[in-house]
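Reminder, nothing fancy here: chain letters follow the sequence lines and each chain counts from 1.
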Amino acid sequence: MTQAVDDDTGAKEAQARRVTNRDVAAELALVADILQILDANRFRVIAFQNAAESVRTLSQDLHTLHAEGKLQSIQGVGKGIADAIAEFLTHGKVAEFEELKAQVPAGVVEMIHVPDVGPKTAKRLWQELGVTSVAELRAAAEAGRIRVLKGFGEKSEQKILRGIELAARRTRDRTNIGAARPLALGVVEALRERVAEGAIARLEIAGSLRRWKETIGDVDILVVSATPQPVMEAFGTLPQVVSVLGQGETKSSIVLGDGLRVDLRVVEPQHWGAALQYFTGSKEHNVALRELALKQGWSLNEYSLTATGEGEAPTGETRYFEEEQALYEFLGLAWIAPELRENRGEIAAAAARTLPDLITADCIRGELHGHSTWSDGTASIAEMAEAARARGYRYWAVCDHSTGLGMVGGLDAARLAAQAAEIAELNARWEAAGVDFRLLRGIEVEILSDGTLGLPDEVLAELDVVVASIHSGLRQERATITARCLRAVRNPHVDILGHATGRLIGTREPSDLDMEAVLAACAETGTVVEINAHPSRLDVNDVYARRAVELGCKLAINCDAHEVDGMAVLPYGVAVARRAWVTAADVVNTRSWDDVRGLLKDRRR
DNA sequence: GCCGTTTTCGGCCCGACTGTTTTCAGTCG
């Protein structure tokens, strides 16, 4: 359809079409920062922060919701913010926000992202010293110009310089879980080695790592110890430590070499349940839980419940919980798995006893996407199969790249036939030996730029499993890449849509796909949606996986292994599924191959 | 600015640590 563009309205609207959920979330967060510096009502600030977070984790596209007049259905978005979002979507900016931005230099907003510099500090340094950027902040601190201000001293300057240093050290705000988890486990191991036998009675990694969030802000370690002091000292002097941010009687913070911050908290045994709950979060879950407690007449903190006098218990009565589950039960809730604690309906479900029976890693009976030296893998098919068997799998699909992905020397029909002979030979050997394991013939077929596939249909039809993925042209415009993806999904031979958005966490943005349309098409055609378990991908993510199941899709959790150790990432994929409220029944590769085959699209084999 | 098995108005979670103070504000989680 073509339309005359007779003024700049059309151009603006064309530009506005490129506004993404992420853009809106960033804008709302920026407004929250500015409002903080301007010392606005703190609840107004929180409202913008909440709205930003809701938009950021939204599964549906804002443009769609706007067109349907449903912006206010987003949690934390009322009339005011809905109107602002609508204005941003159509015009690319919001008049009211532009006025706010004009009041505070962008560099001052950046300053509040320096650790230990908050809105109050940034505002004073800006207004009293004329500091308007992080660079100027560093210069002022180095020149000793900050200590002259009332309430600041030499240590304040050092703290600011250290904050700038730490901010520069970390390449991004959050660390990928695939990097953070081994680092955290290493800290725990080193800590245990350096304290006396029995000094640590209980220990758990809490925080976003316990919730298996895809990126980790910092690591929270919770400990019960009769002798906290030596534990604290050992923690502060671990070999991994590059900086000690603080050390008190019950709380210490350190920074590791790559900038990851680790907090250690020591609590008494009777506080364990409340403390573990508290430090596991999320903040949003905790706020909702405390509100629920207040309605029942109890104030909740990291130690206990204390009666407010509003309920039946006398004011000041205190309840302690040695286990987390007892705390949840006291509030009338089933225990909630950490992965669900994001305030996405889990508290209501726990109250109604309708929480899902979440999938676990040992439910996985085989995988439907992995590579070998036939394309860009580092191990032979036989080696990969042995690794799969060692993990207790009953089947593993050899899905090397097809032609159409130049750099990895993908398989054409002839090489695929040659590969089939190798697979058949291995399968025959196991069958003769009575081994309950089989390799599946598969392909990771390239979705070409127009939505056609890297191999012809008649070749795909012979295979057990066809995974279709996009590896290039990821930056195509929304309508183009969506149509391309839909065409592949509608191919009757495509069983699984591989790593749909193509994102690489922290380094490559997801494609601008209309995921609602893609997932709906997967549901309609019976195309299985992959959760790619590689921690740099985790694609689809928890939000889309949950939406996929809501729309009626089946999922597959695949490691996309390129080496024998590549199957070790399975827990990350399972965690995405758990965060998406997924049960074993939603995931095809929790079943035997005979059952999986019946669920796949192409039934002509 | 948002929101409602207390409410369309009046709430909106709670504590540790730090640095600079002589009682607390700021920051963070």
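Side-chain contact, Gln75(A) with Asn50(A): no donor N or O sits under 3.5 Å from an acceptor N or O.
Nucleic acid contact for Lys79(A): sugar-phosphate only, since backbone atoms but no base atoms lie under 4.0 Å from a heavy atom of the residue. Counting non-hydrogen atoms under 4.0 angstrom, Thr250(A) reaches the backbone sugars and phosphates but no base. Within 4.0 Å (heavy atoms only), Gln296(A) reaches no atom of the nucleic acid at all. Within 4.0 Å of Ile46(A), counting heavy atoms only, lies no atom of the nucleic acid at all. If you check every strand for non-hydrogen atoms under 4.0 Å, Val45(A) touches nothing. Among the protein residues, Arg265(A) comes within range of the sugar-phosphate backbone only, with heavy atoms under 4.0 Å from sugar or phosphate atoms but none that close to a base. Backbone-only engagement by Val114(A) is indicated by non-hydrogen atom pairs under 4.0 Å involving sugar-phosphate atoms exclusively.
Of all nucleotides present, only dC14(B) satisfies the Watson-Crick or G-U wobble test against dG29(B), with each distance under 3.5 Å.
The aromatic rings of Phe97(A) and Phe48(A) sit perpendicular, their planes meeting at an angle over 60°, well past the 30° parallel limit.
In the set dC28(B), dG15(B), dG29(B), the nucleotide with an atom closest to the side chain of Asp116(A) is dC28(B). Listed candidates were dG15(B), dT18(B), dC28(B). Nearest to the side chain of Lys159(A) is dT18(B). For Asp218(A), the listed nucleotide lying nearest its side chain is dG29(B); candidates were dT27(B), dG29(B), dG15(B). Considering only the side chain of Lys295(A), dT6(B) comes nearest among dT6(B), dC12(B), dC14(B). Of the candidate nucleotides dT27(B), dG19(B), dG1(B), dG19(B) has the atom lying nearest to any side-chain atom of Ser156(A). In this structure, the nucleotide among dC17(B), dG1(B), dC28(B) sitting nearest to the side chain of Lys251(A) is dC17(B). Comparing dG15(B), dG1(B), dG29(B) by their closest approach to the side chain of Asn301(A) singles out dG15(B). Across dG1(B), dT27(B), dG15(B), the shortest atom-to-atom separation from the side chain of Ala47(A) is found for dG1(B). Considering only side-chain atoms of Asp220(A), the nucleotide from dG15(B), dG29(B), dC12(B) that sits closest is dG29(B).
Rounded to whole Å, the separation between the C1' atoms of dC12(B) and dT6(B) comes to 15 Å. Spacing of P atoms, dT27(B) relative to dT20(B), comes out at 14 Å, to the nearest Å. Spacing between dT18(B) and dT23(B) at atom C1', rounded to whole Å, works out to 15 Å.
Contact annotation: side chain of Tyr278(A) to base of dG29(B), donor-acceptor pair present below 3.5 Å.
Counting to the nearest Å, the C1' atom of dG26(B) and the CD atom of Gln36(A) are 12 Å from each other. Whole-Å rounding puts the Phe152(A) CZ to dT18(B) P distance at 18 Å. Rounded to a whole Å, the CE atom of Met111(A) is 14 Å from the C1' atom of dG26(B). Distance CD (Gln72(A)) to C1' (dG1(B)): 12 Å, rounded to an integer number of Å. Leu149(A) has its CG atom 16 Å from the C1' atom of dT21(B), to the nearest Å. Regarding Glu249(A), its CD atom lies at a distance of 11 Å from the C1' atom of dC17(B), rounded to whole Å.
The nearest heavy atom of DNA chain B to Phe48(A) and to Pro115(A) marks one nucleotide each, and the one closer to the 5' end goes with Phe48(A). Comparing Glu291(A) and Gly118(A) against DNA chain B, the residue whose closest nucleotide sits nearer the 5' end is Glu291(A).
Closest approach of Gln103(A) to Trp126(A), counting heavy atoms only: O-CH2, 3.1 Å. Among all heavy-atom pairs drawn from Ala82(A) and Val77(A), the shortest one is N-CG1, 3.6 Å.
Using a 4.0 Å cut-off between a side-chain N of Lys or Arg and a carboxylate O of Asp or Glu, Arg344(A) and Glu346(A) do not qualify as a salt bridge.
Contact check, Ser253(A) against dC17(B): no side-chain N or O comes under 4.0 Å of OP1 or OP2. Contact between the side-chain N/O atoms of Arg124(A) and the OP1/OP2 oxygens of dA25(B) is not found at any separation under 4.0 Å. OP1 or OP2 of dT27(B) sits under 4.0 Å from a side-chain N or O of Thr121(A).
Between Tyr572(A) and His534(A), the distance separating the two ring centers is not shorter than 6.0 angstrom.
Glu157(A) places none of its side-chain heavy atoms less than 4.5 Å from the side chain of Phe152(A).
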